[in-house]
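Proteins come first, then strands; the chains are lettered A, B, ... in the order of their sequence lines, and each starts at number 1.
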Amino acid sequence: MLDIARIRNNPGEVRNALKKRLIDIDFTELLDWDATRRSLITRLEEMKAKRNKGSGEIPLLKKNGVDVTSLVGEMKALGYDIQILEDELKAVEEKIQDFMGGLPNIPANDVMAGGKENNQVARVFGEKPEFSFQPKHHVDLVTSLGLIDYERGVKIGGSGFWVYTGDGALLEWALLNYFIEEHIRDGYCFMLPPHILNWQSGYTAGQFPKFEEDVFRIEGSEEGKMQFILPTAETALINYHRNEILNEEDLPKKYFAYSPCYRKEAGSYRAEERGMIRGHQFNKVEMFQYTTPEQSETALEELVGKAERLVQGLGLHHQVSKLAAQDVGAGMGKTYDIEIWIPSMNIYKEVSSCSNAYDYQARRGNIRYRRKDTKKNEYLHTLNASGLATSRVLPAIVEQFQQEDGSVTVPEVLRKWVGKDRLRSIR
RNA sequence: GGAGAAGUAUCGAAGUGGUUAUAACGGCCCCGACUCGAAAUCGGGUUGCCCUGGAAGGGGCACGAGGGUUCGAAUCCCUCCUUCUCCGCCA
């Protein structure tokens, strides 16, 4: 949610900033509603003040034996007029709410305008691995090594699902353990949230109402009580402090959560994304911070740094991209992606998205903090960063660390959990 | 799933149709007095949001949420939510 006062005071500035996302929004109608709303409120409050005064006088007059019939009649008529204006006000406020709720966040000043093609590579780690043999695709590797069972995953869940088996499950779990261990060491609080969330949670995160089609709805949930399976733990973590006022001295609050992420990904399958690059369910550890406005820029750098170190610890070649405005999610103001090299696809794929939402989500969820100096309540800033999603890390590991004999070297940091330094074919 | 009870400020809690949401009373917290200092005691302060205004100020709304009745609702009625107790079922 944007601040309507900002639009009221600088409609041109906001419109231009949103143009970086390649959308053009005319605020004329909105500002019209806004003016109507405020004049209605003023008139209503005058009438209500009158009613309050009249209602206070009635018992006094009665006590003194004065006939109040005409005054009561007057108040009754006033009450009727108030009702009419209140209905009008409600209608215009709904329109404003709908309009505002549909607006995306304003990209930060230093974010490039335009689409994906304008994403900028900020940093690169390592180099593309060179193979002295014909490298294999991760689907072939994980299948022959017995790490993933795609066929039975589809049989029991449907297209877009797979089963981690044996060493594959061990490797997957080792990644999660590795991430968790790092975050705990950095002082982040470990959270295991519910996987089913209510509509308001989706709204606060900025996913609803626009992206309701992208999540799995729970069948049978009634209108107004819609529930869905979380597409990312971010949705749970942003709502953890919904409708709360935090103390400034408690900020920044640093959380991380593990959850599977469930996404419809309707229509986004492509031949080159076979395997586990894009599924309906994948595991992810998500970092999240609630900060003061002053802290949020630093916090974003911290989160990106943490995510990068995780990938570096695995020894995987990757790059960090600063996304252009159109590629930044609707609720976010600035985003860095960490993209990992997938040799078979000859492409870098996102394993972490680190974003600053500024006060956008806080406004939607009414999350504030009390400033120590002014004692005033202000919207805080929220940030999220994957740390990390595993579904592309595992393919990168098997592809980047594959050997000529079809075996795969286990990254050093994972060995204590996997229990071996090399994964070999089961056949 | 069934029966019952309850939701008022930071917490406990009073208030069951009117001139007290300036939300009694108490706790916490903050400031001050007393004190060498502290405890105790005494005095004072302490909800949020919105509209208007340059400001000072003025006004409105909110008693779990949303409707209704009424000139007037924390108080009466309806729907929903949450919590607690008991029963049932159960990983």
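Here CZ of A:Phe179 is found 9.5 Å from CE of A:Met287. Values are rounded to the nearest 0.5 Å. Atoms CE and CZ, on A:Met47 and A:Arg43 in that order, are 7.5 Å from each other to the nearest 0.5 Å. Atoms CD and CG, on A:Glu297 and A:Asp110 in that order, are 6.5 Å from each other to the nearest 0.5 Å.
Between A:Glu93 atom CD and B:C61 atom C1' there is a gap of 11 Å when expressed in whole angstrom units. Rounded to a whole Å, the CG atom of A:Asn243 is 14 Å from the C1' atom of B:C81. Rounding to whole angstrom units, CG of residue A:Asn247 and P of B:U46 are separated by 19 Å. Spacing between atom NZ of A:Lys90 and atom C1' of B:A65 amounts to 12 Å, rounded to whole angstrom units. With rounding to whole Å, A:Ile245 atom CD1 is found 13 Å from B:A9 atom P. The nearest whole Å value for the distance from the CG atom in A:Asn198 to the C1' atom in B:U82 is 13 Å. Between A:Leu89 atom CG and B:C50 atom P the separation is 15 Å, expressed in whole Å. Taking atom CG of residue A:Asp3 and atom P of nucleotide B:C50, one finds them 10 Å apart after rounding to whole Å.
The aromatic rings of A:Phe161 and A:His280 lie tilted to each other, with the angle between the two planes from 30° to 60°. Using a 30° and 60° split on the angle between ring planes, A:Tyr255 and A:Tyr290 fall in the perpendicular class, above 60°. Using a 30° and 60° split on the angle between ring planes, A:His381 and A:Tyr358 fall in the perpendicular class, above 60°. The aromatic rings of A:Tyr164 and A:Trp162 stand perpendicular to each other, their planes meeting at an angle above 60°, with 30° marking the opposite boundary.
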Where does RNA chain B pair, written as one dot-bracket string 5' to 3', with Watson-Crick or G-U pairs under 3.5 Å, ( ) inside the strand, [ ] for crossing pairs and | for another strand?
((((((((.[[[..)..(......]]].(((((.......))))).((((((....)))))).[[[[[..)....]]]]])))))))....
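A donor-acceptor contact closer than 3.5 angstrom links the side chains of A:Tyr188 and A:Gln289.
To the nearest whole angstrom, the two C1' atoms, one in B:C89 and one in B:A13, are 37 Å apart. On the C1' atoms, B:G1 is 49 Å away from B:U19, given to the nearest whole Å. For the P atoms, the distance from B:C25 to B:G43 is 12 Å, rounded to whole Å. Separation of the C1' atoms belonging to B:G72 and B:U16 is 16 Å when rounded to the nearest angstrom. One P atom belongs to B:C78, the other to B:U69, and the distance between them is 15 Å to the nearest Å. A gap of 11 Å separates the P atoms of B:G15 and B:G7, to the nearest Å. Atom P of B:G88 sits at a distance of 16 Å from the matching atom of B:G2, rounded to the whole Å. Taking the C1' atoms as reference points, B:A62 lies 11 Å from B:A74, given to the whole Å.
Each of A:Leu85, A:Leu78, A:Ile82 was compared with A:Lys48 under the side chain to side chain contact (heavy atoms under 4.5 Å, CB included) criterion, and only A:Ile82 meets it.
Nearest-nucleotide assignment on RNA chain B puts the 5′-proximal partner with A:Gln83, out of A:Gln83 and A:Lys76. Comparing A:Leu60 and A:Arg8, the nucleotide of RNA chain B nearest to each residue sits closer to the 5' end for A:Leu60.
For A:Asn52, the side-chain atoms get nearest to B:G60 when compared with the rest of B:C51, B:U47, B:G60. The A:Lys62 side chain lies nearest to B:G18 when the options are B:C49, B:G18, B:C51. Of the candidates B:C51, B:G72, B:G67, the closest approach to any side-chain atom of A:Arg38 belongs to B:C51.
Atom CD of A:Glu151 has 12 or fewer neighbouring heavy atoms from other residues, nucleotides or ligands inside a 6.0 Å radius.
For the pair A:Thr390 (side chain) and A:Val393 (backbone), a donor-acceptor distance under 3.5 Å is absent.
For A:Arg370, no side-chain nitrogen or oxygen approaches OP1 or OP2 of B:U10 to under 4.0 Å.
With its glycosidic angle more than 90° from 0, B:U46 adopts the anti conformation.
Here the two rings, on A:Phe208 and A:Phe228, have centers that are under 6.0 Å apart.
Near-neighbour residues of RNA chain B inside residues 40-50 of chain A, defined by a heavy atom below 4.0 Å, number-ordered: A:Ile41, A:Thr42, A:Glu45, A:Lys48, A:Ala49.
Salt bridge annotation for A:Glu302-A:Lys254: present, with a cationic side-chain nitrogen under 4.0 angstrom from a carboxylate oxygen.
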Every protein N/O lying under 3.5 Å from an N/O of nucleotides 75-79 of chain B:
none

